Amino acid sequence: MSDLTTPHAPLKAASLTGQVYDTISEMLLDGTLKPDSRTSIRELGEHLSVSTMPVREAIGRLIAQGALAIQRNKAVIVPHMSEHDFRDLTRTRVLLEAEAARLAVDNITKATVARIADLHEQFSNELAAEQRSKALILNRKLHFTLYDAAQSPSLRQMIGSAWLRAGPMISLDLGGHNSFERASHSVESHGLLVEALRAGDREGAAEAIRTDILTASAIILEHLPSFQQEKA
């Protein structure tokens, strides 16, 4: 089942399909839609207070990107990702995001470094308070503030597409079933990232991102069998 329980503000008519696409994308990125989540075009339309047409168009775009799938009974699902596919996606993310971190060091401003440091502090506090949903959102904001600083639209687009597929899996790492000790690996990695940004250390920033992704991947793969058992 889906987690469409929090009311969503009505969307405006202008560029409605784009707004619906962005909103459903956020649901994938912040863990609202988890691996094997199941919903429908009608349910999403009711949740967003829009007709089914813009939802159908937005879902079509996300299906083309591999982020969603539709079953014969018209159910919209977050497709199951095999261990092989997840490992492949992880390798791709490391290549893209580590390079984005290097480019960010070359182009970042002091104000953006301060913004990332602030997001790191907020993330740490929410995780310590076991506010995992808020931590997921802050984790995404921190990463994409960094990737935006790389000033590479093509790279940013590829990273965004990879995260649409990875987002539901990331929720297994920072989601509520993990202890603080397990999820706190990102606190350490983000702290190292901030230090590298302040020092202008390209490889240090890349390594912090690489470690964050690979450690999260290992935790997810460790918990994947038990998660799939719960969903069965």
Side-chain angles (χ1 to χ4, degrees), residues 1-83 85-86 89 93 123 126-127 130-141 143-144 157-178 183 216 220-221 223-232:
M1 295 297 291
S2 63
D3 290 336
L4 306 181
T5 54
T6 303
H8 196 282
L11 300 180
K12 298 179 181 178
S15 304
L16 194 54
T17 298
Q19 292 181 65
V20 171
Y21 171 86
D22 290 343
T23 302
I24 298 175
S25 295
E26 288 178 7
M27 293 177 183
L28 289 162
L29 293 170
D30 67 19
T32 300
L33 295 174
K34 298 178 174 62
D36 295 328
S37 283
R38 188 183 305 270
T39 183
S40 68
I41 290 173
R42 178 176 293 180
E43 183 183 22
L44 285 166
E46 291 174 353
H47 179 65
L48 300 176
S49 301
V50 299
S51 69
T52 58
M53 183 174 294
V55 176
R56 185 176 288 108
E57 292 172 352
I59 292 295
R61 289 173 60 183
L62 289 162
I63 289 172
Q65 292 177 281
L68 291 175
I70 194 160
Q71 297 183 319
R72 290 182 180 178
N73 63 359
K74 307 298 184 182
V76 177
I77 64 167
V78 178
H80 168 75
M81 188 178 295
S82 68
E83 180 178 334
D85 287 344
F86 181 67
L89 179 61
R93 286 187 59 210
F123 172 82
E126 296 295 353
L127 202 56
E130 299 189 356
Q131 297 296 317
R132 304 306 167 89
S133 295
K134 292 179 180 179
L136 275 168
I137 293 170
L138 289 164
N139 179 65
R140 172 167 57 91
K141 286 182 177 179
H143 278 263
F144 281 94
Q157 183 178 31
M158 287 187 284
I159 291 172
S161 294
W163 267 65
L164 284 176
R165 297 181 62 208
M169 300 295 286
I170 292 172
S171 71
L172 298 183
D173 172 32
L174 293 176
H177 70 280
N178 275 332
I220 290 166
L221 288 170
H223 285 272
L224 197 56
S226 59
F227 173 80
Q228 291 172 337
Q229 214 169 36
E230 289 173 10
K231 298 290 285 187

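Residue numbers run from 1 in the order of the sequence given. Quick caveat, the model's predicted, so the values are computed rather than measured. Atom set for the values below is all heavy atoms of this structure, side chains included, hydrogens, waters and symmetry mates excluded.
- Partners of Gln131 according to the side chain to side chain donor-acceptor pair (under 3.5 Å) rule, which considers only residues two or more places apart in sequence or in another chain, do not exist here.
- Atom CG in Leu28 sits 5.0 Å away from atom CG in Leu33 (nearest 0.5 Å).
- Remark: Asp30 CG to Ser25 OG distance equals 10.5 Å, nearest 0.5 Å.
- Interatomic distance, CG of Leu16 versus OH of Tyr21, reported as 15.5 Å (0.5 Å rounding).
- Contact detail for Met27 and Leu44: the closest heavy-atom pair is SD-CD2, 4.3 Å.
- Across all non-hydrogen atoms, the minimal contact from Pro79 to Ala67 is CD-O, 3.4 Å.
- In this structure Ser51 satisfies the side-chain contact (heavy atoms from CB on, under 4.5 Å) test together with Met53, Pro54, sequence neighbours excluded.
- Minimum heavy-atom separation, Asn73 to Ala75: OD1-N, 3.0 Å.
- Residues Ile41 and Lys74 form no side-chain contact, since every pair of their non-hydrogen atoms from C-beta on lies 4.5 Å or further apart.
- Within the model, atoms CG of Leu136 and CZ of Phe123 stand 8.0 Å from one another, a figure rounded to the nearest 0.5 Å.
- Checked against Val20 for a side-chain contact (heavy atoms from CB on, under 4.5 Å), the options Thr23, Asp22, Ile24 give a single hit: Ile24.
- Here Asp85 pairs with Met81, Ser82 under the side-chain contact (heavy atoms from CB on, under 4.5 Å) rule; sequence neighbours left out.
- Closest heavy-atom contact between Gln65 and Ser161: NE2-OG, 3.4 Å.
- Leu68 places a side-chain heavy atom less than 4.5 Å from the side chain of Val78.
- Residues that satisfy the side chain to side chain donor-acceptor pair (under 3.5 Å) test with Arg93, not counting sequence neighbours, are Glu97.
- The shortest distance between side-chain heavy atoms of Val76 and Arg38 does not fall below 4.5 Å.
- Remark: Gln157 engages no residue in a side-chain contact (heavy atoms from CB on, under 4.5 Å) (not counting sequence neighbours).
- Atom-to-atom distance recorded for Thr52:OG1 and Arg42:CZ is 8.0 Å, nearest 0.5 angstrom.
- Annotation: salt bridge (Lys or Arg N to Asp or Glu O under 4.0 Å) contacts of Glu57 (sequence neighbours excluded): none.
- Considering only residues two or more places apart in sequence or on other chains, Leu29 meets the side-chain contact (heavy atoms from CB on, under 4.5 Å) condition with Arg140, Trp163, Leu164.
- The shortest non-hydrogen separation linking Gly45 to Val55 is CA-CG2, 3.7 Å.
- Between Leu89 and Met169 there is no side-chain heavy-atom pair separated by less than 4.5 Å.
- Considering only heavy atoms from C-beta on, Ser37 comes within 4.5 Å of Lys34 through its side chain.
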